[in-house]
Asks: 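Before we start, here is the structure in question, set down as structure tokens.
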There are 2 protein chains.
Amino acid sequence: MQKEHNLSKNQKIIFDLIDKSGGPMKAYSILFNVQKKGIKAPLQVYRALDKLVEIGKIHKIESRNAFIACQNSSCQVSKATAFSICESCENVSEISNSKLSKYLSNFSDSSGMKYSKYNLEFFGLCKKCKSK
Amino acid sequence: MQKEHNLSKNQKIIFDLIDKSGGPMKAYSILFNVQKKGIKAPLQVYRALDKLVEIGKIHKIESRNAFIACQNSSCQVSKATAFSICESCENVSEISNSKLSKYLSNFSDSSGMKYSKYNLEFFGLCKKCKSK
DNA sequence: TAACAGTATGTAATAATATAACATTTATAA
DNA sequence: TTATAAATGTTATATTATTACATACTGTTA
């Protein structure tokens, strides 16, 4: 059973915007879009983003400085994430592949490090862009 | 046989600095360190960094906005990278694990995407920090 | 060697991304 | 209800990265 996180007002406004956009959004683009709802300052956006990332409702696409709604219903926290990114159209999807996530979650090497989290970004051309 | 890239003056200065540091360095920290060598502007640093990344001499740690010298002698381009990052001491190492790289380089799914590149970042606690 | 193309450099200005500091308010739970 | 944590509002500023434009160097090849 997934813990219900009651989003605060700003968190809800920002999550809904990202979720509805269907793709990654950048912080200042979010800011621009929510100004009519009373959110005026970058920090208000970043605070909501931080919290949403923390509880796994969104993920940060590190290579793009952008945020995307979690597309994996079972994802409670952002501790094991994988994305595919089209370098042509910049389309981003979250990869839900249990073999991949199992492989990476169980990965360990001789470094003595205890891994508790990973983020993987694949780059390439999506179906559409490939055929252009 | 690895192609010899003759680094330009700025590229060499900046690569040597990062390489000698033994860890990840941020762009403006690099800038500060090379000002005595005549490199005065951010753009000079970023241009060298871009080129060094392109030819695989350094990699960008996306989650940290930092750059690290390639620790894998066979790495000619930054197209298949994996790092382990200690969230306590911020130590970063490049992971050279042929099983892992084989697994990821051959990864494909039903999305129709053709993957040509990936970057993986593992997070956790290193040996030292674990035992504190 | 002259002309060309490609790469690299120098410099100033500015854009884009993110956080610090401080005051106040709202929600949660003991 | 009172204490605590979480969230908000606001201003200022720090950090990361790029645009635009002028100049110089390097390696080809005619």
Side-chain angles (χ1 to χ4, degrees), chain A residues 3-18 21 23-68 77-78 87 90 92 119 121, chain B residues 3-18 21 23-68 77-78 87 90 92 119 121:
Chain A
K3 184 178 176 201
E4 182 56 42
H5 284 283
N6 293 307
L7 300 185
S8 73
K9 180 171 139 279
N10 289 1
Q11 288 159 16
K12 190 163 182 351
I13 290 170
I14 287 171
F15 174 72
D16 286 348
L17 175 68
I18 299 172
S21 86
M25 291 192 75
K26 311 198 114 202
Y28 277 72
S29 155
I30 293 167
L31 175 57
F32 178 81
N33 277 277
V34 297
Q35 275 175 334
K36 47 183 167 294
K37 304 231 178 191
I39 296 176
K40 293 175 196 158
L43 190 48
Q44 294 176 289
V45 172
Y46 280 105
R47 281 197 287 223
L49 290 173
D50 284 352
K51 187 67 188 187
L52 290 167
V53 165
E54 187 192 320
I55 64 180
K57 299 283 288 181
I58 64 173
H59 305 301
K60 182 170 188 182
I61 310 299
E62 293 287 357
S63 66
R64 298 298 185 262
N65 298 319
F67 300 85
I68 193 168
V77 287
S78 301
E87 289 185 299
E90 292 294 328
V92 175
N119 178 55
E121 299 182 2
Chain B
K3 184 180 175 198
E4 183 56 41
H5 285 282
N6 293 306
L7 301 184
S8 73
K9 180 171 139 281
N10 288 1
Q11 288 159 17
K12 191 164 183 348
I13 290 169
I14 287 171
F15 174 73
D16 286 347
L17 175 67
I18 299 173
S21 86
M25 290 193 76
K26 310 199 116 204
Y28 277 71
S29 154
I30 293 168
L31 175 57
F32 178 80
N33 276 278
V34 297
Q35 274 174 335
K36 47 182 167 290
K37 304 231 178 190
I39 296 176
K40 293 175 198 160
L43 188 49
Q44 295 175 289
V45 173
Y46 281 105
R47 281 198 286 224
L49 290 173
D50 284 351
K51 186 68 186 185
L52 291 168
V53 166
E54 187 192 320
I55 64 180
K57 299 283 287 181
I58 64 172
H59 305 300
K60 182 170 187 181
I61 309 300
E62 294 286 358
S63 65
R64 299 297 186 262
N65 298 318
F67 300 85
I68 192 168
V77 288
S78 301
E87 289 185 299
E90 291 295 326
V92 175
N119 178 55
E121 299 182 2

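Quick note on labels: first sequence line is chain A, next is B, and so on, each numbered from 1. The figures here come from the full heavy-atom set of this structure, side chains too, leaving out hydrogens, waters and symmetry mates. All of these numbers come straight from a predicted model, not from anything done at the bench.
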Asks: B:Ser8 has a side chain; which of C:dA12, C:dT9, D:dA17 sits nearest to it?
Replies: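 For B:Ser8, the side-chain atoms sit closest to C:dT9.
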Asks: Measure from the side chain of B:Gln11, starting at C-beta and using heavy atoms only, and say which of C:dA8, D:dT11, D:dA17 lies closest.
Replies: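 Selected nucleotide (nearest to the side chain): C:dA8.
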Asks: Tell me: CG of B:Leu49 to C1' of D:dT15, nearest whole Å?
Replies: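 Computing the B:Leu49:CG to D:dT15:C1' distance gives 15 Å.
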Asks: Can you identify which nucleotide, out of D:dA17, D:dT10, C:dA8, has its nearest atom closest to the A:Lys40 side chain?
Replies: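 The answer is D:dT10.
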Asks: Can you tell me how far P of C:dA16 sits from CD of A:Glu62, to the nearest Å?
Replies: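 Computing the A:Glu62:CD to C:dA16:P distance gives 20 Å.
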Asks: Between A:Tyr28 and A:Gln44, which has a closest nucleotide on DNA chain D that is more 5'?
Replies: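 The residue mapped nearer the 5' terminus is A:Gln44.
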Asks: Take the protein atom CG of A:Asn10 and the nucleotide atom C1' of D:dT8, then report the distance between them rounded to whole Å.
Replies: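 Result: 7 Å.
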Asks: How would you label the contact of B:Lys12 with the nucleic acid (heavy atoms, under 4.0 Å): base, sugar-phosphate, or nothing?
Replies: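 No contact.
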Asks: Taking CE from A:Met25 and P from C:dT17, how many angstroms apart are they, rounded to a whole number?
Replies: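 After rounding, the gap between these two atoms is 12 Å.
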Asks: Taking side chain as C-beta onward, heavy atoms only, is B:Asn33 less than 4.5 Å from B:Met25?
Replies: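 Yes; the side chains approach each other to less than 4.5 Å.
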Asks: I'd like to know if the side chain of A:Glu121 and the backbone of A:Glu62 have a donor-acceptor N/O pair within less than 3.5 Å.
Replies: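 Yes; at least one donor-acceptor contact below 3.5 Å.
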Asks: Heavy atoms, side chains only, cut-off 4.5 Å: are B:Asp16 and B:Lys12 in contact?
Replies: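 They are in contact (side-chain heavy atoms under 4.5 Å apart), so the answer is yes.
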Asks: Would you mind reading off the distance between A:Ile55 atom CD1 and D:dA5 atom P, rounded to a whole angstrom?
Replies: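 One finds 19 Å between P of D:dA5 and CD1 of A:Ile55, rounded.
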Asks: Measure from NZ on A:Lys26 to P on C:dA18 and round the result to the nearest Å.
Replies: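 From A:Lys26 NZ to C:dA18 P: 8 Å.
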Asks: Of all the choices, C:dA18, D:dG9, C:dA12, which nucleotide is nearest to the side chain of A:Ala27 once you look at every atom?
Replies: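 Comparing C:dA18, D:dG9, C:dA12 against the side chain of A:Ala27, the answer is C:dA18.
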Asks: Would you say a side-chain N or O of B:Asn65 is under 4.0 Å from OP1 or OP2 of D:dA17?
Replies: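 Yes, within the criterion.
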Asks: Does B:Lys9 put a side-chain nitrogen or oxygen below 4.0 Å from OP1 or OP2 of C:dT7?
Replies: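 So the side chain of B:Lys9 is outside the cut-off, no N or O lying under 4.0 Å from OP1 or OP2 of C:dT7.
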Asks: Out of D:dT8, D:dT19, C:dT17, which has the shortest distance to the side chain of B:Leu43?
Replies: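 Side chain of B:Leu43 sits closest to D:dT19.
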Asks: In Å and rounded to the nearest 0.5 Å, what is the CD1 to OH distance from B:Ile14 to B:Tyr46?
Replies: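 OH of B:Tyr46 is found 11.0 Å from CD1 of B:Ile14.
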Asks: Can you measure A:Tyr46 atom OH to D:dT10 atom C1' for me and round it to whole angstrom units?
Replies: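 It works out to 17 Å between those atoms.
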Asks: Under 4.0 Å from OP1 or OP2 of D:dA17: is there any side-chain N or O of B:Lys60 that close?
Replies: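 Result: yes.
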Asks: Take atom CG of A:Leu31 and atom P of D:dT11, then tell me their distance rounded to the nearest Å.
Replies: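 Distance check: A:Leu31 CG to D:dT11 P gives 14 Å.
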Asks: From the options C:dT9, C:dA21, C:dA18, select the nucleotide whose nearest atom is closest to the side chain of B:Arg47.
Replies: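 For B:Arg47, the side-chain atoms sit closest to C:dT9.
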Asks: Contact between A:Ile55 and A:Leu7 at the side-chain level, heavy atoms closer than 4.5 Å - yes or no?
Replies: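 Yes, their side chains come closer than 4.5 Å.
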